[in-house]
Amino acid sequence: MSLLTVNHLSHHYHSKADYTIALDNINFTLEHGEFVSILGPSGCGKTTLLSIVAGLIKPTKGTISLVEEDPSYKIPQMGYMLQQDYLFPWKSIKDNVLLGPKISKRLNEESTKRALEILKEVGLDNIADAYPDELSGGMRQRAALARTLINDPKLLLLDEPFSALDFQTKLRLEDFVSQMLKQYEKAALLVTHDISEAIAMSDRIILLKARPGKIKQVFTVNEELRHLPPFQTRQHPSFPSIFDAIWKEMSALEQEEPN
Amino acid sequence: MNKKNQTDQKLHEAYVKKLKIEKRWIRIWQLVIFIAFFSLWELASKLKWIDPLLFSSPSKVWNLFIDKASDGSLWVHINVTVLETIAGFLIGTLAGILLAALLWWSTSFSKVIDPYLVILNAMPKVALGPIIIVALGPGYVAIIAMGAIISVIITTLVVYSAFQEIDQNYIKVLKSLGASKAVCFKEAIFPASFPTMISSLKVNVGLSWVGIIVGEFLVSKQGLGYLIIYGFQVFDFTLVLFSLLVIAIFAAIMYQLVEQLEKRLIRTPK
């Protein structure tokens, strides 16, 4: 059975004067350990889709189902990473990472030990007591990843987490996140407008068209690229052909639009 | 290498020295203004440039201070007023923050109550004085209520708008970790609003003094506000000016205490 099933999902936004259809009849599944990207122009409802999957917004129509091994498990099964790290500036890095256990009332010696282990994994164990404003952008995003991983989620939702970083940091962090996800056997759903990033990181790419947000096409990344780290994927000889294919589809989408 | 280090060290020492000198000059000028003000006042009064009956003089105020301090009556008045002010300040601020939390908790409540808050905020609270005195009786309770009521509504409005200004993505992070509304308030909304709360504390220090002094004008038999109104009635302006100076000193002390609190609560970036 699939880890995540999105079934006939639609979402409307209402304002006093008008309404917009943000998402129109979206269907897809995500398997255990799979990395899927949602690619699309701005305004295609990517972030809305991610918020609905995370359970932060209730969709107007359709269902989301996530396989749960144990229904009594109270800790969220999904971790969410945003464009920016949104580390709490008044909490030390360690306390930021421990936010998950604190909220689900599991704050104890064991979870503190686990937090330090995860911080070691992301290479931040020596600055566990520092505050977010003392860290660089890349380090902050790694701390945010640690905060997500401590809850041991089955699925990671990534809302353009690399978009606010400079190019070098972004490439390095892509490799790092990809390696962490493989190591912990996590599935991930990445929202992005960056074609190269989508190809470099994913197993499958879902291309959305805008107004209303609808699935245009699904691309499967070939086997040999999937197992490479993102940085090497970008260098691979078969990378340009898949990039071109997606590029053409995306350009076609933009020409369809009246504006 | 070692030599280079030494020159760097010297440069740094020069910088620190420059800072020290700058600070010393500021202190000297502050002192100069202080001395100039009081000696000019004394001189003007002695030479009758100003009417000594109306504007008194520093030496008369000082003598009155010695008298009042030695017969102990000064401490009674200071005690009464300072305690009233602290009580009014704390009640007003805490009630304001509590009310702001209530408004944040229920959007429909805040929408319903909004026009009433606007009216209450616009109204001069001091005008409520007579009604408060009739309702609560002419005593400490009414005076403290005056001190509190003058700051509660403005605190509510300022703190509530700070609660609303927080970046919603912080709430998104907390909710994705499974947080309830109460946890969101405790972990994000409340701590993120500390700087606003501190600045409203600073404003409230001044406001509560206004409320208390006006309250004492109206009813009291003790306190610094009472001394001012008594001095006015018996035409003893030395007493009025003396009380004013004491109030200035204690208001400054309270303000300093709030600043100390700010330093403890808010971590300044290194």
Side-chain angles (χ1 to χ4, degrees), chain A residues 47-48 50-58 73-92 95-107 127 129-135 143-145 147-153 155-161 164, chain B residues 97 100-101 104-108 110-112 114 158-202 258-270:
Chain A
T47 300
T48 307
L50 213 58
S51 298
I52 291 174
V53 172
L56 300 174
I57 307 180
K58 228 173 106 67
Y73 203 56
K74 285 219 181 74
I75 308 151
Q77 298 282 290
M78 286 177 271
Y80 204 133
M81 268 179 90
L82 296 144
Q83 274 112 331
Q84 281 163 46
D85 49 82
Y86 291 105
L87 295 171
F88 290 84
W90 53 83
K91 284 179 186 286
S92 68
D95 287 343
N96 264 292
V97 173
L98 280 168
L99 209 52
K102 193 178 177 191
I103 287 168
S104 47
K105 303 207 164 60
R106 290 173 297 129
L107 196 58
I127 47 166
D129 294 317
Y131 284 83
D133 55 16
E134 297 166 63
L135 271 61
L145 179 67
R147 177 170 69 184
T148 318
L149 287 176
I150 197 169
N151 266 358
D152 202 19
L155 170 63
L156 249 79
L157 306 173
L158 310 171
D159 188 354
E160 305 191 36
Chain B
I97 292 172
W104 178 82
W105 190 264
S106 163
T107 320
S108 28
S110 83
K111 278 181 189 159
V112 170
D114 180 66
V158 170
V159 173
Y160 177 51
S161 78
F163 284 170
Q164 286 178 307
E165 265 164 29
I166 185 178
D167 191 330
Q168 285 304 313
N169 285 315
Y170 282 112
I171 307 295
K172 221 173 183 181
V173 166
L174 288 173
K175 282 197 171 154
S176 79
L177 292 170
S180 62
K181 197 169 183 181
V183 172
C184 286
F185 185 78
K186 189 177 140 257
E187 295 292 340
I189 308 277
F190 195 71
S193 309
F194 272 166
T196 312
M197 285 186 218
I198 292 289
S199 60
S200 80
L201 282 184
K202 286 179 181 169
V258 172
E259 281 204 325
Q260 290 302 317
L261 185 73
E262 178 176 23
K263 276 185 197 150
R264 280 180 178 231
L265 276 182
I266 296 169
R267 205 187 68 86
T268 44
K270 277 173 198 165

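Convention: sequence-line order gives letters A, B, ...; per-chain numbering from 1.
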Per-residue contact mode, A:L87 against chain B (heavy atom under 4.5 angstrom):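 Only the backbone of A:L87 comes within 4.5 Å of chain B.
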
Chain B contact via A:T148 - side chain, backbone, both or neither, heavy atoms under 4.5 Å: neither

side-chain hydrogen bond (donor to acceptor under 3.5 Å, both in side chains) against B:K186, all qualifying residues, sequence neighbours excluded: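 Partners of B:K186 under the side-chain hydrogen bond (donor to acceptor under 3.5 Å, both in side chains) test: none.
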
Ring geometry between B:Y170 and A:F88 (parallel below 30°, tilted from 30 to 60°, perpendicular above 60°):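 If you compare the ring of A:F88 with that of B:Y170, the planes turn out tilted.
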
Pick from B:A179, B:P191, B:A188 with the largest number of heavy-atom pairs that fall under 4.5 Å of chain A: B:P191

Contact origin within B:I171 toward chain A - heavy atom pairs under 4.5 Å: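 Contact with chain A involves no heavy atom of B:I171 at all.
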
Pairwise distance NZ(B:K172) to CG(B:D167) - rounded to 0.5 angstrom: 10.0 Å

Residue list, ring-ring contact (aromatic ring centres under 6.0 Å, His included) with B:F185, at least two apart or on another chain: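 Testing B:F185 for ring-ring contact (aromatic ring centres under 6.0 Å, His included), a comparison that skips the adjacent residues, returns B:W104, B:F163, B:F190.
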
